[in-house]
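One structure below.
Keep in mind it's a predicted model, so treat the numbers as computed, not measured.
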Amino acid sequence: MKEAPAAVAAETAPPSAVDPAPAARRKAPLPAPRNADPERLRVAAGLLAELRCHDPRLLLAEADVRRLAPAVAAWLERNADPVAVRRGLTHGLPGKMAYPAGILAHRLAELIPPPLPDRPAPDRPHPFHTCEGCDRAFRAPEPGRCRDCRPPSP
């Protein structure tokens, strides 16, 4: 019996040319924080551990929490609010989940917000000082006398 031309082409062609799905199934790497701040990692691990309070299906193994915590820390490093991270991880979950850590890893990798642009530091008012002449509080870059106690400028 003669094979169909499509079957012969499928045997001789590279897998990515026949089925584009393997490229689509590649996992994006988990984001990593630029600064591995222990406090941020602790907050990230706590956020992951508490997900089960919002959805009981998100009961994660301790190893999964340790693996995913740096990715959550990367979100937090980009000024994502913990409530927004929790919402991004739990909103619209599928009905059945065989491996919830895999879904969370996918969301952490694919939905990470972009870093905020660098902004100049805001102008802050000068600190308060106590006048050496009358004990009144005033703002100035350096301690000294207030406007009323300073000698007039020539």
Side-chain angles (χ1 to χ4, degrees), residues 1-131 136-144:
M1 184 167 167
K2 214 172 188 187
E3 288 188 51
V8 172
E11 290 176 3
T12 58
S16 61
V18 175
D19 183 14
R25 280 189 235 131
R26 285 193 195 111
K27 294 179 183 177
L30 284 173
R34 283 187 259 158
N35 178 11
D37 177 24
E39 177 63 19
R40 190 175 289 136
L41 286 171
R42 187 189 64 72
V43 169
L47 191 148
L48 286 167
E50 289 175 354
L51 288 178
R52 64 183 169 200
C53 298
H54 300 278
D55 189 334
R57 300 174 298 163
L58 296 177
L59 177 63
L60 300 174
E62 189 173 346
D64 289 328
V65 170
R66 279 195 307 269
R67 181 175 64 92
L68 298 174
V72 173
W75 280 52
L76 297 173
E77 187 177 72
R78 293 182 179 199
N79 292 331
D81 183 46
V83 174
V85 175
R86 186 178 303 112
R87 192 175 321 124
L89 294 176
T90 60
H91 181 72
L93 289 170
K96 290 188 176 185
M97 291 186 292
Y99 185 56
I103 292 172
L104 296 178
H106 172 77
R107 288 183 172 198
L108 287 167
E110 294 295 331
L111 303 178
I112 187 166
L116 291 176
D118 290 334
R119 294 183 183 161
D123 290 335
R124 295 184 184 247
H126 293 299
F128 280 109
H129 298 285
T130 304
C131 177
R136 185 180 346 178
F138 68 101
R139 289 188 182 270
E142 300 293 327

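The CG atom of Leu47 lies 7.0 Å from the CG atom of Leu89; values are rounded to the nearest 0.5 Å. Remark: Leu30 CG to Leu68 CG distance equals 6.0 Å, nearest 0.5 Å. For the atom pair CG (Asp55) and CG (Leu51), the distance works out to 8.5 Å, reported to the nearest 0.5 Å. With values rounded to the nearest 0.5 angstrom, Lys96 atom NZ is found 11.5 Å from Arg57 atom CZ.
Every pair passing side-chain hydrogen bond (donor to acceptor under 3.5 Å, both in side chains) that includes a residue from residues 35-47 is listed here, sequence neighbours excluded: Glu39-Arg42. The side-chain hydrogen bond (donor to acceptor under 3.5 Å, both in side chains) analysis of residues 70-94, with sequence neighbours excluded, yields the pairs His54-Arg86.
Shown here for Leu108 and Pro31, the closest heavy-atom pair between the two residues is O-CG, 3.5 Å. For the residue pair Gly88 and Leu111, the shortest heavy atom distance occurs at O-CD1, 4.2 Å. Taking each heavy atom of Ala74 and Ala32 in turn, the nearest pair found is CB-C, 3.8 Å. The two residues Leu41 and Pro70 have their closest heavy-atom pair at CD2-CA, 3.8 Å. Scanning all heavy atoms of the two residues, the minimum distance from Ala44 to Ala69 falls at CB-O, 3.4 Å.
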Would you please test Leu60 and Leu104 for side-chain contact (heavy atoms from CB on, under 4.5 Å) and show each step? CA-CA 10 Å; Leu60 300 174; Leu104 296 178; 3.8 Å; yes
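Between the side chain of Arg136 and the backbone N or O of Cys131, no donor-acceptor pair lies under 3.5 Å.
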